[in-house]
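Let me begin by presenting the structure, written as structure tokens, before commenting on it.
Just so it is clear, the model here is predicted, and its values are computed rather than measured.
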Amino acid sequence: MKNSTTNNTKKITVAVVGAGAAGLMAAGTAALQGAEVLLFEHNEKVGRKLAITGKGRCNVTNNCDMQEFLAHVPQNPRFLYSALGAFSVQDTMDFFEQQGVPLKTERGNRVFPVSDNARDIVDALFYWVRKCGVTILREEVTDICTEETGVTGVIAGGRKHNADRVIVATGGKSYPLTGSTGDGYVWAEKLGHTVTPLRASLVPLVSPDKDCPRLQGLSLKNVSLTIFENNKKLHEGFGEMLFTHFGISGPLVLSASSHMRKWDKASYRAEIDFKPALDEAALDKRILSDFSQELNTDFRNSLGKLLPRKLIPIVVERSGIDSHQKVNGITKKQRQALVRQLKHFEVAISGPGPIRDAIITSGGVSVREIVPKTMESKKVSNLYFAGEIIDVDAYTGGFNLQIAWSTGYLAGYHAGQEIKQ
């Protein structure tokens, strides 16, 4: 990160609104260019949402090349070429290592701090921006001031703070308890920007299935989840999930939800494979083996070695086999029905959970109205955007945080450049 030192220049003031991942990166980067930086955050602490990402571990980025990275960005990937070129995955990893946070790469190229503690990432950013000379103001920005020539500052704490440039990094509308108010979208529209429809991404799924409330609280590990869109396989994943009173959730489900983008046009359903390590023939042999040890047992009492207790009565019902039938009388056809339930347990999906429960907001300020090489608005001079507020989002795995680091860096770098006299 280079400092800018140009003769015959005027030192400028940059106001950064929002001290999340993108805002912190933008603020520190702008300060390194020689700008006076005011970072506004109405929460008591910076990086509040960042501190809870990855179940409190913080999936910092994804250790892959640019082409693979962009393949995981379904929404406007080409817009990110310049940002990722300016501040790459490797740059992110180097940055945190240099701030004293050792990193590790896990399954799926996911990168985490070795400590498995998201607070280490937040603290590193906090101390870095302070070292860079950023002034953090615990004040809520209520408006952005503009004149014909562009932005002139922000209104916060009931007064105007003059600024030559403003970076809006207010995040989306997900997780409002972390301070995401959606104000940035309101300001953007007020200043003439198009805000594409907002919806939840990386979110639990709602089901009308009467069995979900019965299974509420049941957590499953090492299962396979397949999503069908109009009866065509859309996505398949392996890992952990759970049932809730309204449907299904957990890492597998959140990841799957980001692939489901046609709620107004398509119908969706999920299938759970409780035994993905066994094909149907091998599973049938396993069932026969279990049955051979309990020949005079009622069917409903014979599945304890195969399934969690809470799931057994529902699988029994769905199999169509009399719960009191002795296992020594169960036919091959009945076993096939049981195998089908274990390998293709269906859950109807009626829609995504509310945006307040989403990890990421899909939609935002149109990329057509932002210069991809600088993150500056095409509508308002000296106004910049960074992070989740932009209409770019990705699948789970560290990709969305990398988008925040890269767009934040690019916005900060260009907004922090001194004005030539």
Side-chain angles (χ1 to χ4, degrees), residues 53-55 59 62 71-72 74 106-110 199-263 266-280 282-283 286 303 306-312 314-315 317-319 337-354 357-360 362 393-400:
T53 60
K55 293 184 177 180
N59 187 181
N62 192 281
H72 287 80
E106 297 186 357
R107 180 178 59 84
N109 294 324
R110 290 169 164 83
R199 64 174 185 79
S201 184
L202 301 180
V203 68
L205 297 174
V206 178
S207 173
D209 196 317
K210 62 180 176 58
D211 289 331
C212 287
R214 296 171 63 191
L215 293 170
Q216 178 181 352
L218 176 63
S219 180
L220 301 171
K221 294 183 178 181
N222 301 321
V223 298
S224 176
L225 178 73
T226 304
I227 299 295
F228 292 87
E229 181 180 84
N230 293 336
N231 292 319
K232 182 179 180 181
K233 183 186 288 189
L234 174 68
H235 171 75
E236 185 174 12
F238 174 84
E240 301 178 23
M241 62 168 291
L242 71 145
F243 287 92
T244 69
H245 67 284
F246 59 80
I248 52 177
S249 188
L252 261 184
V253 175
L254 299 181
S255 180
S257 72
S258 63
H259 296 261
M260 303 161 75
R261 295 174 173 265
K262 300 178 181 177
W263 294 106
S267 61
Y268 294 97
R269 63 182 172 87
E271 281 190 6
I272 305 168
D273 183 348
F274 298 120
K275 300 295 176 183
L278 301 175
D279 62 21
E280 294 195 2
L283 181 55
R286 162 72 189 276
L303 302 177
L306 270 178
L307 295 170
R309 184 175 60 183
K310 205 169 191 176
L311 190 55
I312 291 173
I314 292 172
V315 169
E317 290 173 13
R318 291 192 177 200
S319 73
L338 174 58
V339 166
R340 171 154 188 85
Q341 288 305 315
L342 296 176
K343 299 288 289 182
H344 305 278
F345 187 92
E346 288 195 10
V347 179
I349 303 298
S350 57
D357 295 334
I359 294 176
I360 291 294
S362 181
D393 66 278
Y395 302 140
T396 187
F399 301 100
N400 287 293

Check whether any side-chain heavy atom of [X] sits under 4.5 Å from a side-chain heavy atom of [Y], and report yes or no.
{"X": "K275", "Y": "L306", "answer": "yes"}
{"X": "V223", "Y": "D273", "answer": "no"}
{"X": "L342", "Y": "L307", "answer": "yes"}
{"X": "I349", "Y": "M260", "answer": "yes"}
{"X": "H235", "Y": "S258", "answer": "no"}
{"X": "P74", "Y": "H259", "answer": "no"}

Ion pair [X]/[Y], N-O distance below 4.0 Å:
{"X": "E317", "Y": "R214", "value": "yes"}
{"X": "D211", "Y": "R318", "value": "yes"}
{"X": "R269", "Y": "E346", "value": "yes"}

Checklist entry - side chain to side chain contact (heavy atoms under 4.5 Å, CB included) between E280 and H344: does it pass, once the steps are laid out? => result CA-CA 11 Å; E280 294 195 2; H344 305 278; 3.3 Å; yes
Checklist entry - Which residues satisfy the side chain to side chain donor-acceptor pair (under 3.5 Å) test with R199, sequence neighbours excluded? => result none
Checklist entry - Does the gap between the ring centers of F274 and F345 come in under 6.0 Å? => result yes
Checklist entry - What distance separates R309 CZ from L303 CG, expressed to the nearest 0.5 Å? => result 14.0 Å
Checklist entry - What distance do L234 atom CG and Y268 atom OH have between them, rounded to the nearest 0.5 Å? => result 6.0 Å
Show the nearest heavy-atom pair for residues [X] and [Y], with the distance to one decimal.
{"X": "A348", "Y": "P208", "answer": "O-CD, 3.6 Å"}
{"X": "F228", "Y": "E271", "answer": "CE1-CD, 3.6 Å"}
{"X": "P308", "Y": "L220", "answer": "CG-CD2, 4.1 Å"}
{"X": "N59", "Y": "G398", "answer": "OD1-N, 3.0 Å"}
{"X": "K343", "Y": "D279", "answer": "NZ-CA, 4.2 Å"}
{"X": "S207", "Y": "V347", "answer": "OG-CG1, 3.5 Å"}

Next on the checklist: I'd like to know if the side chain of N230 reaches the main chain of S267, judged simply by a donor and an acceptor atom lying under 3.5 Å from each other, with no hydrogens or angles considered.
Outcome noted: yes
Checklist entry - Has the side chain of N400 got a donor or acceptor atom that lies under 3.5 Å from a matching backbone atom of D393? => result no
Next on the checklist: For K310, is the NZ atom crowded, meaning more than 12 foreign heavy atoms sit under 6.0 Å from it?
Outcome noted: yes
Checklist entry - In terms of ring plane angle, is the pair Y395 and H72 parallel, tilted or perpendicular, where the classes change at 30° and 60°? => result perpendicular
Checklist entry - Does the side chain to side chain contact (heavy atoms under 4.5 Å, CB included) test come out yes or no for M241 and S219, once each step is laid out? => result CA-CA 6 Å; M241 62 168 291; S219 180; over 6 Å; no
Quick one: side chains of residues 242-257, donor-acceptor pairs under 3.5 Å with protein atoms, not counting sequence neighbours, listed by atom name and distance.
| unit_1 | atom_1 | unit_2 | atom_2 | d |
| --- | --- | --- | --- | --- |
| T244 | OG1 | F246 | N | 3.2 |
| T244 | OG1 | G247 | N | 2.9 |
| T244 | OG1 | G247 | O | 3.3 |
| S257 | OG | L202 | N | 3.2 |
| S257 | OG | V203 | N | 2.8 |
| S257 | OG | V203 | O | 3.3 |
| S257 | OG | L254 | O | 2.7 |

